[in-house]
Amino acid sequence: MNVSIVLFTSDLRLHDHPPLRAALASASEVVPLFVRDPAVDRVGFAAPNRLAFLADCLTDLDAGLRARGGRLVVRHGDTVAEVCAVARETDADEVHMAAGCTAFAHERERRLRHALERDGRRLYVHDGVVTVLPAGEVTPAGSDHFAVFTPYHRRWSAEPPRSPAAAPRSVPVPGGLRSDEVPSRTAVASVSEGLAAGGERRGRERLTAWLSRHVDSYEDRHDDLAGDVTSRLSPYLHFGAVSANEVVHRARSRGGAGAAAFVRQMCWRDFHHQVLNARPHAATEDYRTRHDRWRHGKQAEADLRAWQEGRTGYPLVDAAMRQLAHEGWMHNRGRLLAASFLTKTLYLDWRLGARHFLGLLVDGDIANNQLNWQWAAGTGTDTRPNRVLNPVLQARRYDPEGAYVRRWVPELAALTTPVVHEPWKLPPLDRAAVDYPDPIVALADGLGRFRRARGQD
């Protein structure tokens with residue numbers, strides 16, 4: 001009997017899984033393998049919220065495999081060494097895995113291919129498993145990637161994605177193969193109190209419920225902070241517990257303006273993956289440098305702490321940061337505002353913000369997190385790199401009744417609209433009774449400093 005290995009990475013599901021389908025088609029038995037590699041932790045993965053969500057995903061994946069006659073094999077150590085060890089133990093001919101877009105994923109693939117070929121085995125890397133279209137499948141003339149979203153969206157929309165595949169009915173796994181224990185969420189400390197449960201089953205339930213209840217209103221309400229009608233699928237997409245390809249197919253099948261607006265957001269996800277795939281250095285370096293001389297020193301450090309703790313004195317910014325701390329997730333409009341405030345109003349390095357987000361976000365995806373931060377900082381793909389989001393105007397537009405602020409900044413819960421967004425305008429006695437900080441910088445001062453730094457004055 002011949003054996004193939006499926007190496008699960010950011011694709012922790014059974015539905016619409018090309019590597020698993022290919023392995024089952026090529027062999028009589030398959031080893032579903034996941035390796036907890038310390039090197040992944042060292043490059044920033046090991047945040048408590050992601051470790052807890054990962055544990056949920058692996059537990060659910062193992063349950064799904066057991067329902068199909070198989071099980072998940074878990075090993076700890078260097079991915080290349082562990083895959084090769086399992087291949088020798090089972091005399092596997094092939095290893096199948098999903099393609100990644102980061103420098104780490106590219107190097108892991110290179111090392112694994114070399115090691116397997118040295119042993120007379122083959123590695124098959126499958127594109128379009130964690131995205132809708134494979135990174136690099138559509139490119140503009142004269143370049144290896146699109147640097148502007150709108151033309152990418154046109155090309156992306158014209159490309160027919162593959163048809164989603166059903167989950168396999170059975171997954172025969174060789175007997176007697178050693179496996180470490182599947183990790184448990186309960187073993188992870190310092191998890192955000194409101195963190196969602198992970199796993200393919202939960203992700204598919206969420207997708208089905210959201211498509212039936214909220215997608216039709218998505219175009220009009222996706223920026224409504226208090227309404228909270230976004231899909232919240234980003235953690236499941238990050239871990240591959242749901243297929244981006246299947247999500248787009250199902251949304252398009254639903255039809256309507258809301259579904260089209262949602263699919264456009266899914267295209268943004270692919271856009272960032274294809275940028276990072278072509279320019280891996282953009283995870284840590286400016287994609288388009290503006291020659292910024294970011295603030296340093298004690299006051300800059302104090303401003304950073306205030307931003308991290310949700311104590312900037314700007315209620316909408318603070319509400320977003322407190323939601324992040326509580327849930328390990330933040331509404332996208334909140335992310336844009338918080339990032340703009342840090343990089344432009346406070347003029348602090350986008351990498352500081354990206355690092356803080358990655359420390360808490362359950363959907364902390366290198367491509368989307370880093371490149372969205374660069375977009376907000378004006379060092380990325382934004383065609384208007386010096387735009388600055390005003391937190392008061394954003395609040396009036398996207399939280400007009402103040403419900404989002406009152407939910408996450410309870411010190412302001414008794415204030416009426418519009419003063420809930422500008423508590424510094426309260427009469428002195430009323431202001432003194434509210435335990436909430438004054439703004440750490442005047443918006444006009446922050447804007448002037450940023451414009452001078454960018455040579456806009």
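Atoms considered below: every heavy atom in the structure, side chains included; atoms not considered: hydrogens, waters and symmetry mates.
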Keeping the roles fixed (side chain from [X], backbone from [Y]), state whether a donor-acceptor pair exists under 3.5 Å.
X      : Y      : value
Arg295 : Tyr347 : no
Glu200 : His15  : yes
Asn369 : Ala354 : yes
Arg452 : Asp457 : no
Asp62  : Arg71  : no

Determine the minimum heavy-atom distance between [X] and [Y], stating which atoms define it.
X      : Y      : result
Leu195 : Asn49  : CD2-O, 3.6 Å
Gly364 : His238 : O-CE1, 3.4 Å
Ala244 : Val130 : CB-O, 4.0 Å
Ala241 : Cys57  : CB-SG, 4.2 Å
Ala47  : Leu358 : CB-O, 3.6 Å

With a cut-off of 6.0 Å (strictly less than), are more than 12 heavy atoms of other residues, nucleotides or ligands near [atom1] of [X]?
X      : atom1 : answer
Gln456 : CD    : yes
Arg252 : CZ    : yes
Arg451 : CZ    : no

### Message
Between Ser26 and Glu94, is there a side-chain donor-acceptor contact under 3.5 Å, judged purely by atom types and distance?
### Response
yes

### Polar side chain donor-acceptor pair, Arg122 to Tyr124, under 3.5 angstrom
yes

### Task
Dump the intermediate steps for side chain to side chain donor-acceptor pair (under 3.5 Å) on Arg333 and Gln394, then the final yes or no.
CA-CA 9 Å; Arg333 174 53 53 179; Gln394 292 279 300; 3.0 Å; yes

### Task
Show the numbers, then the answer: is there a ring pair (Phe, Tyr, Trp, His ring centres under 6.0 Å) between Trp210 and Tyr218?
CA-CA 10 Å; Trp210 185 77; Tyr218 182 80; 5.6 Å; yes

Using the ring centroid of each side chain, check whether [X] and [Y] are separated by less than 6.0 Å.
X      : Y      : result
Phe146 : Phe271 : no
Tyr398 : Tyr404 : no
Trp373 : Phe357 : yes

Carboxylate-amine/guanidinium proximity below 4.0 Å for [X] and [Y]:
X      : Y      : value
Asp93  : Arg121 : no
Asp223 : Arg397 : no
Asp16  : Arg21  : no
Arg351 : Asp349 : yes
Arg113 : Glu109 : yes
Arg50  : Asp41  : no
Asp180 : Arg36  : no
Glu285 : Arg279 : no
Arg111 : Asp78  : yes

### Task
Go through the steps for Arg250 and Thr208 under the test side chain to side chain donor-acceptor pair (under 3.5 Å), then give the verdict.
CA-CA 9 Å; Arg250 291 181 62 178; Thr208 297; 2.8 Å; yes

### Message
Using 30° and 60° as the class boundaries, would you call the ring planes of Trp156 and His153 parallel, tilted or perpendicular?
### Response
parallel

### Query
In terms of the angle between their ring planes, are His17 and Phe8 parallel, tilted or perpendicular, with boundaries placed at 30° and 60°?
tilted

### Message
Under the rule for ring pair (Phe, Tyr, Trp, His ring centres under 6.0 Å), what residues qualify as partners of His326, not counting sequence neighbours?
### Response
Trp408

#### Entry: Test ring pair (Phe, Tyr, Trp, His ring centres under 6.0 Å) applied to His272 - qualifying residues, sequence neighbours left out
Trp268

### Query
Of Arg202, Arg201, Arg185, which is the lone residue that meets salt bridge (charged side-chain N to carboxylate O under 4.0 Å, His left out) with Asp56?
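The passing option is Arg185.
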
